[in-house]
Amino acid sequence: MGALVQSNYGARELFRVDGVPVGREIGFDNVPSSRALPSVEGSIIVIIATDAPLLPDQCKRLAQRATMGIARVGGVATNGSGDLFLAFSTANHYPNELEKIQGVNMMPQHHLNELFVATIEAVEESILNSITMATTMRGQKGRIAHELPLDELKTVMKKYGR
């Protein structure tokens, strides 16, 4: 199971790491916003990949679990959010003999729960990776997007016993 995110979304004050309200602890005085007025709007794109043998409807159910991984880090899918979730499986391959009826493999429905949990954890981890590994950058109209100072993150996590 793997997840890839484009995480340009969310309100900082809702950002959480392992349940810790990091976004409230590391305010705009420490890490300025790239905008004059901080925004809660934005978008997130999540691509989920697995090698488990899933049918299209099962992939759709997997994609729906991305929202739970987003919620773990404080995302709430606001009114203006442009959220997109896709999931695919690499398990079934189409042979070159297209004239014959072919079979496909599928995971039994009652075994999907483990994949749902794995999806939620992979999305959460991917978001945290994107935020903690980002570096300060200058963008359009001279806006500066500041990185999350990892030393401050460590201090906040220790404050909450993590």
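Looking at Glu152, its side chain never comes within 3.5 Å of a backbone N or O of Pro149 through a donor-acceptor pair. At distances below 3.5 Å, not a single donor-acceptor pair connects side-chain atoms of Arg16 with backbone N or O atoms of Val20. Between the Ser89 side chain and the Ala52 main chain, a donor and an acceptor come within less than 3.5 Å of each other. The backbone N or O of Thr135 lies less than 3.5 Å from no partner atom in the side chain of Glu147, so there is not a single donor-acceptor pair.
Annotation: the span from Gln6 atom CD to Ile127 atom CD1 amounts to 10.5 Å, rounded to 0.5 Å. The line from CG of Leu150 to CD1 of Ile131 is 11.5 Å long, rounded to the nearest 0.5 Å. To the nearest 0.5 Å, atoms CG (Leu62) and CG (Leu112) are separated by 7.5 Å. Note: Leu84 CG to Ser43 OG = 9.0 Å, rounded to the nearest 0.5 Å. Here the CE atom belonging to Met107 is positioned 7.5 Å from the CD atom belonging to Glu114, to the nearest 0.5 angstrom. For the atom pair His93 NE2 and Asn105 CG, the distance stands at 10.0 Å (nearest 0.5 Å).
The cluster map of Ile, Leu, Val, Met, Phe, Trp and Tyr, joined by side-chain heavy atoms under 4.5 Å apart, puts Met1 and Val123 in the same cluster. Hydrophobic clustering (ILVMFWY, side-chain heavy atoms < 4.5 Å, transitive): Tyr160 and Leu153 are in one cluster. Grouping the Ile, Leu, Val, Met, Phe, Trp and Tyr side chains by contacts below 4.5 angstrom, directly or via other members, places Val5 apart from Met68. Using a 4.5 Å cut-off between side-chain heavy atoms of Ile, Leu, Val, Met, Phe, Trp and Tyr, with links allowed through other members, Phe116 and Leu86 fall into different hydrophobic clusters. Under a hydrophobic clustering in which Ile, Leu, Val, Met, Phe, Trp and Tyr are joined whenever their side-chain heavy atoms come within less than 4.5 Å, directly or via other members, Leu128 and Val156 fall into the same cluster.
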Dump the intermediate steps for side-chain contact (heavy atoms from CB on, under 4.5 Å) on Leu55 and Val104, then the final yes or no.
CA-CA 8 Å; Leu55 297 178; Val104 296; 3.8 Å; yes
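The shortest distance between side-chain heavy atoms of Arg138 and Arg143 does not fall below 4.5 Å. Side chains of Phe88 and Ile48 form no contact here, defined as non-hydrogen atoms less than 4.5 Å apart. Put simply, the side chain of Ile47 does not reach to within 4.5 Å of the side chain of Phe85, judged on heavy atoms. You'll find the side chain of Leu115 reaches within 4.5 Å of the side chain of Leu54, heavy atoms only. Counting only heavy atoms from C-beta outward, the side chains of Thr50 and Thr90 never approach each other to under 4.5 Å. Counting heavy atoms from C-beta outward, Phe15 and Pro21 have side chains that stay 4.5 Å or more apart.
In terms of heavy-atom proximity, Ala3 sits nearest to Ser126 at O-OG, 3.1 Å. Scanning all heavy atoms of the two residues, the minimum distance from Ala122 to Gly2 falls at CB-C, 4.5 Å. Considering all non-hydrogen atoms of both residues, Ile70 and Val46 come closest at CD1-CG2, 4.2 Å. Between Gln109 and Met106, the closest heavy-atom pair is NE2-CE, 4.5 Å.
Counting only residues at least two apart or on different chains, the salt bridge (charged side-chain N to carboxylate O under 4.0 Å, His left out) pairs with a member in residues 46-72 are Arg72-Glu124.
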